Each structure stands twice: as C-alpha cells, then as structure tokens.
Amino acid sequence: MAGPRPLWNGARAVLATMHGKERAIAPLAKRFLALDLRVAEGLDTDAFGTFSREVERVGNPRKAARAKIAGAFALMPQARVGLASEGSFGPHPSLPFCALGRELVLLVDRQTGLEVAGHHAAIDTNFAHQVVTHTDAGQAFAAKAGFPAHGVIVMGVLDGQPAPHLALFKEAASEADLAAVLARTIALTSAAHIETDMRAHRNPRRMRAIRRAMVDLVRRSRSQCPTCARPGFAITGRVSGLPCKWCAGPTHLTRAAIWGCEGCGHREERAVAATAADPAHCEACNP
Ligand SMILES: [Zn+2]
Ligand SMILES: [Zn+2]
C-alpha cells in the first residue's frame, strides 16, 4: 500500500489562539499535514474561559475547543480547516499531591466534517497555587514555579477564596514587579492568592505539552482508514484473551486491538505483538 498521501495539500487553516500557541502548532501543521496555518487575528479566546477565573469555562475541553474553532472560522471564512487547543489542570485522579496536566489539540475540517483530536497528559506540570500574607512567601512560591521564565498570577483574597474581581495581576515580569503587586494585593485584601500562569506563552512546560498533543494529532491524522482513506483511523477498543504460554487458556491480557473509522464504520481487529501470556496472568496455572 502507498504511504499516506499529502493530507490537506496547502489548504488554508485557522488557529484559534491569542497566546502564542502557533509556535507549538504551526510548524508541525505545515510540515506533516500540509496546512497553510494562520492565527485568527482579533479572536478573544479569553471569552471562552480563562485559567485565572475571570471567565468560567463552560462544557468539557472538546466543546470549548469546538467553540473557539467556530469563532476562528467566523473571522476567516475562507479557511477550510480550524484548529484550537485546550488545557486542563487539576489534582491527579489516583496520585495524591500530584497535579495532572492534560492538553487537547482539535482539528476540524468543515469540508469533510472530519474531526481529529490529539492528546497529551503528564504530571510534568508546574500547576500550583498558594495563599500568602507576606511578599517573601509569594516570592518563594514564584521562584519554585520557575519565575520569571514561567509566569505567575497574583489576585486578591476574599473569605479564603481567590477574588480576581478585587485585584488581578497577570503581567509581572521581574522580581521587583512581583514584589510590588504582592505588596499592593496584600495591602488591599490582607492576603494574596498566587498561582502559576497556565497561559501557553507564559508557561514553557505547557508549550511543550501542546506540541506533544499536536504530534499525537499528526499521528492520528496520518492514520488512514484502509477502506475509505479517511484520516483518523484509530484504536477504539481492546479484546482480552491472550492465550497462556503453558495451558493456552485465555487470560485477561489484551489479545488484539480494535481499529475503527468514524467515517464509513469500517472496523478491524489487529493482533498484539505478543502471542502468549506469562502464566502468572493465568487463572488456571496461577490461581
Ligand atoms: Zn473508513
Ligand atoms: Zn495457563
């Protein structure tokens, strides 16, 4: 079979960002997807939700990314393809005291209705926050977060909760700036909530994670359905029952992956590389 054909052949694409994400996304989109990618000038992506809580984000990350893409298409009607990325950060579901960062990059081709998503999840994030009552403590937090290479956001505090409507500083660039905004905020609300800035242009780790999610999107886009050639042919499920090396009975281990196409519904089972399971996983041999 021939290799993947050039996917979009120079088609115009629009990226919904105002935080410099084109640095992570555009080179890969051009080189591997053959997209002519431009930034949606004038799009206010903060209207779709901000990390610093002035605007609450609605819906899940995929819906938020779709909404941004729709906004970008409105600004660039001639674009065939739209891209947006969406990050979410929070406590790790199973590892206590660990933060998990997830990045999604979504691509929508409105000519074919194709939607491809790339993902990256990592505990390699500096997502953190703290309430401080002295500038020293705030500066120590910032140093630990990698400031000034990584940005931090300072906001007021009301009843122990972050209160961005009382005070909000996002652009501190130097130690001196930071000390000044911490002092102003503490003077105003008796304490300051300080947190890592998760906007991509102020967070090099996040920029790397977005790039990895884009690599995943490229990989999925170049995986084409063997029946209809639609991009995005991907694993949709797994079949257990890898035979035991001793008794050949079925184990819980994966025997095959199920690949599926969202376009034509074609499905196929592809066996995993292993042909037999270690007897340690066998109910009969190792009950
Ligand atoms: Zn297909
Ligand atoms: Zn066995």
Side-chain angles (χ1 to χ4, degrees), residues 1-15 25 28-37 60-63 65-67 69-70 72-73 79-86 103-121 212-287:
M1 194 169 59
R5 61 198 160 92
L7 284 168
W8 279 285
N9 217 359
R12 173 64 63 87
V14 63
L15 177 64
I25 291 175
L28 291 162
K30 180 172 198 286
R31 179 159 175 211
F32 295 109
L33 304 180
L35 283 170
D36 174 17
L37 186 66
N60 60 32
R62 192 146 174 158
K63 281 189 184 149
R66 276 194 202 117
I69 289 172
F73 276 144
R80 168 178 165 183
V81 173
L83 285 129
S85 101
E86 197 63 37
E103 295 295 342
L104 162 78
V105 180
L106 188 68
L107 178 153
V108 171
D109 179 340
R110 54 177 169 178
Q111 193 169 307
T112 60
L114 175 74
E115 192 175 292
V116 188
H119 302 273
H120 178 72
R212 293 198 181 118
M214 183 60 191
V215 168
D216 184 52
L217 187 150
V218 166
R219 195 174 51 76
R220 289 167 186 266
S221 298
R222 288 160 66 97
S223 167
Q224 295 179 345
C225 171
T227 304
C228 74
R230 180 187 167 105
F233 193 61
I235 293 176
T236 57
R238 293 178 195 281
V239 192
S240 64
L242 188 68
C244 168
K245 200 184 288 179
W246 288 355
C247 73
T251 65
H252 307 299
L253 298 191
T254 300
R255 171 172 64 75
I258 298 171
W259 288 69
C261 173
E262 280 182 36
C264 70
H266 173 72
R267 283 158 67 87
E268 64 185 51
E269 236 181 75
R270 293 184 185 173
V272 298
T275 53
D278 189 297
H281 299 285
C282 178
E283 297 263 332
C285 302
N286 183 27

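Bear in mind that the values here come from a model prediction, so they are computed numbers and not experimental data. Below, each value reflects all heavy atoms present in this structure, side chains not excepted, and no hydrogens, waters or symmetry copies. We count ligands from 1, going down the list as the structure has it; atoms in each ligand are counted the same way.
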| query | With a cut-off of under 6.0 Å to the ring centre and 45° to the axis, is R222 in cation-pi contact with F32? | reply | no
| Where the Zn ion (ligand 1) is the centre, what is the SG-to-SG angle for C225 and C264, rounded to 10°? | 110°
| In degrees, rounded to 10 degrees, what angle do C228 atom SG and C261 atom SG make at the Zn ion (ligand 1)? | 110°
| task | Evaluate whether atom CD of E115 has more than 12 neighbouring non-hydrogen atoms of other residues, nucleotides or ligands under 6.0 angstrom away. | result | yes
| At the Zn ion (ligand 2), what's the angle from C247 SG to C285 SG, rounded to 10 degrees? | 110°
| query | Rounded to 10°, how big is the angle at the Zn ion (ligand 2) from C244 SG to C282 SG? | reply | 110°
| Just wondering, is there an N, O or S atom on H266 that's nearer than 2.8 Å to the Zn ion (ligand 1)? | no
Output yes when [X] and [Y] qualify as a salt bridge under the 4.0 Å nitrogen-oxygen rule, no when they do not.
{"X": "R212", "Y": "D216", "answer": "no"}
{"X": "R62", "Y": "E86", "answer": "no"}
{"X": "K245", "Y": "D278", "answer": "no"}

